[in-house]
Amino acid sequence: MDINEYFDWSPEKIQDFRDCLLAWYDQNGRDLPWRRTSDPYAIWVSEVMLQQTQVDTVIDYYQRFMQALPTVQALAQAPQEQLMSLWQGLGYYSRVRNMQQAAKTVMSEYQGQMPKTLKELLTLKGIGPYTGAAIASIAFNQVEPAIDGNLMRVTARLFEIDQDIQKTATKRLFKEILDQLIDPNRPGDFNQALMDMGALVMTPSNPYPNPHPLADFDRSFQHKTSQLYPVKLKKTKQKQELKLALYLVNEKGQMLVRQHQTGELLQGLWHFPMLNLNDIATLNQSTAIKGLALQQFFSQDQVAEWSNEAGILDKAKLLLESVQGPIKHVFSHRIWQVYLLPVVYSKQSEKLLEALWLMDDSFRFVNETTYAQLATSTLQKKLDRIRMKED
DNA sequence: AATTCGGGGAA
DNA sequence: TTCCCAGAATT
């Protein structure tokens, strides 16, 4: 895949393109909070939040985060609880953990000053090719194209690039082209101008305005083939999982919650303890522990009856009126159907908990006030809504 | 090269 | 429903 198959602009046309794009940007660029600062740390925070996350979603999170942790040092020293609270609901929680790790690196290796080159930025956790180039260009005027989904869509349409944008070779092609196009005098503005062009004009589905600001440079526009680009192959579909969340309240009115640990989804966030129900169909011949679990929730006869049938959840729901849900929670690659089971605390349920889980520090009994201060996922907030309705 | 990480907005 | 979003780390 050679760049010359797609790219044949003269130096004059390249310069015309830069001038046209930046003139459009100067008039039509979005006014965003992180564009009102030149603080590299603030730009860094914004870029990490914006990974796979829409601008409108990020704005409030960004304002709160910068108010709470205004400097690299503050971020480096922040307790994990605060980080998770600031990030709760935003998704991709490893982003904030990686960013704090990188902040510590900046403090120890760079005297608290963000490094200025792409090469150095790439050594920091959570900073990849896009984010590194974005920080380098916007905060430090380095001539590095920040190639995100917008730039790929715009570039694919300008040059009618009929290659799958997910592939490494295609990303390399985009970089070769954009290395030619980027304006060495205003690299940060160039990148952001293309982002705005992708977000405001050359969107995934909207028709272009008339006149289209890049009409003279957009082959797909001239050929009326814009909808064909970019080329992207289908994603694999998500796997379904059944979960049962325990809404267990003790005699003091405290409920049991658990913080998800390393290796689990939604790490660091608090939830009701959850059982994986995909396994329950095989519980009767499985361990005594699982058998004990079932006996608690369902009668032994029911277990025997259900164990070799499909659709046991539907049966369980019919027989156990107290089971609520399911609520559906969609991840990038998984779909959870989560049922909620209210459980009255007793000696038996205590035994059950110890049989099901190692009751370590990840578990806590909390009252509603304390609970409200814990960082929880959007999934858990959905469970809150249905338990409140029933109570 | 493919998979794993959340959640929401919009068609 | 499906797609996409200012992607990176891990396998």
Side-chain angles (χ1 to χ4, degrees), chain A residues 29-30 32-35 43-62 84 87-99 101-102 121-139 144-154 164-172 174 178 188 190-200 202-207 227 230-239 260 262-269 271 327-336 375-382:
Chain A
R30 290 172 290 183
L32 301 170
W34 46 89
R35 289 183 178 172
I43 292 165
W44 176 26
V45 170
S46 74
E47 291 301 340
V48 171
M49 285 188 172
L50 286 160
Q51 290 167 5
Q52 295 293 288
T53 309
Q54 298 186 7
V55 167
D56 289 343
T57 304
V58 164
I59 290 177
D60 288 343
Y61 282 92
Y62 171 80
M84 299 316 293
W87 212 268
Q88 63 177 324
L90 195 55
Y92 288 140
Y93 298 95
S94 63
R95 289 184 291 179
V96 70
R97 284 190 292 273
N98 287 336
M99 192 164 59
Q101 185 179 335
L121 287 164
L122 286 174
T123 67
L124 298 174
K125 269 287 189 277
I127 297 183
Y130 164 74
T131 304
I135 296 169
S137 65
I138 297 169
E144 303 283 357
I147 306 173
D148 69 337
N150 284 311
L151 268 72
M152 285 192 283
R153 181 173 59 257
V154 169
D164 178 11
I165 66 171
Q166 310 279 19
K167 300 214 162 186
T168 307
T170 312
K171 292 181 194 292
R172 196 158 47 233
F174 283 129
L178 287 162
F190 179 90
N191 283 329
Q192 296 184 86
L194 278 181
M195 291 176 203
D196 283 12
M197 188 63 67
L200 300 175
M202 299 171 71
T203 65
S205 59
N206 288 354
Q227 296 304 335
V231 175
K232 188 183 299 188
L233 54 80
K234 314 276 185 232
K235 62 176 179 188
T236 59
K237 60 173 171 236
Q238 302 109 312
K239 292 169 188 168
H260 282 200
T262 304
E264 297 179 273
L265 286 171
L266 304 169
Q267 179 186 340
L269 300 171
H271 302 82
I327 63 120
K328 182 178 176 181
H329 192 70
V330 180
F331 299 85
S332 312
H333 59 298
R334 280 182 225 196
I335 300 175
W336 283 4
T376 57
S377 70
T378 299
L379 161 62
Q380 179 63 23
K381 294 186 198 307
K382 293 177 194 169

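This one's a predicted model, so the numbers in the text were calculated from it and none came from an experiment. Chain A is the first sequence line, chain B the second, and so forth, proteins listed ahead of strands; every chain is numbered from 1.
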How many angstroms lie between [atom1] in [X] and [atom2] in [Y], if you round to the nearest 0.5 Å?
| X | Y | atom1 | atom2 | result |
| --- | --- | --- | --- | --- |
| M49(A) | S46(A) | CE | OG | 9.0 Å |
| E144(A) | L121(A) | CD | CG | 9.5 Å |
| T131(A) | L122(A) | OG1 | CG | 9.5 Å |

[N], OP1 or OP2 - any side-chain N/O from [X] closer than 4.0 Å?
| X | N | answer |
| --- | --- | --- |
| Y93(A) | dG7(B) | yes |
| R153(A) | dC5(C) | yes |
| K381(A) | dG6(B) | no |

Distance in angstrom units between [X] [atom1] and [N] [atom2], rounded:
| X | N | atom1 | atom2 | answer |
| --- | --- | --- | --- | --- |
| E47(A) | dA6(C) | CD | C1' | 5 Å |
| F331(A) | dG6(B) | CZ | P | 6 Å |
| M195(A) | dC4(C) | CE | P | 19 Å |
| I335(A) | dC3(C) | CD1 | P | 12 Å |
| Q238(A) | dT3(B) | CD | P | 13 Å |
| M202(A) | dC4(C) | CE | P | 15 Å |
| D164(A) | dC4(C) | CG | P | 11 Å |
| I135(A) | dG7(C) | CD1 | P | 13 Å |

[X] side chain to [Y] backbone, donor-acceptor under 3.5 Å:
| X | Y | value |
| --- | --- | --- |
| S137(A) | A133(A) | yes |
| R95(A) | V48(A) | yes |
| Q88(A) | T376(A) | yes |

Show each protein N/O and nucleotides 8-11 of chain B N/O combination with a separation under 3.5 Å, one pair to a line.
unit_1	atom_1	unit_2	atom_2	d
dG8(B)	N2	Q54(A)	NE2	3.0
dG9(B)	O4'	Q54(A)	OE1	3.1

What protein N or O atoms touch nucleotides 9-11 of chain C N or O atoms at under 3.5 angstrom, if any, and at what distances?
unit_1	atom_1	unit_2	atom_2	d
dA9(C)	OP1	G126(A)	N	2.4

| remark: Ranking P204(A) and Q51(A) by the position along DNA chain C of their nearest nucleotide, the one closer to 5' is P204(A)
| request: Go through the steps for H329(A) and K382(A) under the test side chain to side chain donor-acceptor pair (under 3.5 Å), then give the verdict. | output: CA-CA 9 Å; H329(A) 192 70; K382(A) 293 177 194 169; 2.9 Å; yes
Determine the interatomic distance between [atom1] on [N] and the same-named atom on [M]; round to the nearest Å.
| N | M | atom1 | result |
| --- | --- | --- | --- |
| dC4(C) | dC5(B) | P | 22 Å |
| dT10(C) | dG6(B) | P | 14 Å |
| dG8(B) | dA9(C) | C1' | 23 Å |

| Ring centres under 6.0 angstrom apart (F331(A), W336(A)) | yes
Closest to the [X] side chain: [options]?
| X | options | value |
| --- | --- | --- |
| T131(A) | dG7(C), dC5(B), dT1(C) | dG7(C) |
| S377(A) | dC4(C), dG7(C), dG7(B) | dG7(B) |
| K328(A) | dT1(C), dG7(B), dC5(B) | dT1(C) |

Under 4.0 Å between any heavy atoms, over every strand shown, what does [X] touch: base, sugar-phosphate, or nothing? Just pick one.
| X | answer |
| --- | --- |
| L233(A) | nothing |
| L266(A) | sugar-phosphate |
| W34(A) | base |
| V48(A) | nothing |

| query | Do you see a donor-acceptor pair shorter than 3.5 Å between the side chains of Y61(A) and T53(A)? | reply | no
| Just checking, is any N or O donor in the side chain of Q192(A) or R35(A) under 3.5 Å from an acceptor N or O on the other one? | yes
| task | Would you kindly check whether a donor in the side chain of Y92(A) faces an acceptor in the base of dG6(B), or vice versa, at under 3.5 angstrom? | result | yes
| field | Of T376(A) and H333(A), the one whose closest DNA chain B nucleotide lies more 5' | value | H333(A)
| field | Counterpart residues, side-chain contact (heavy atoms from CB on, under 4.5 Å), relative to K328(A) (two or more places apart) | value | V330(A), I335(A), Q337(A)
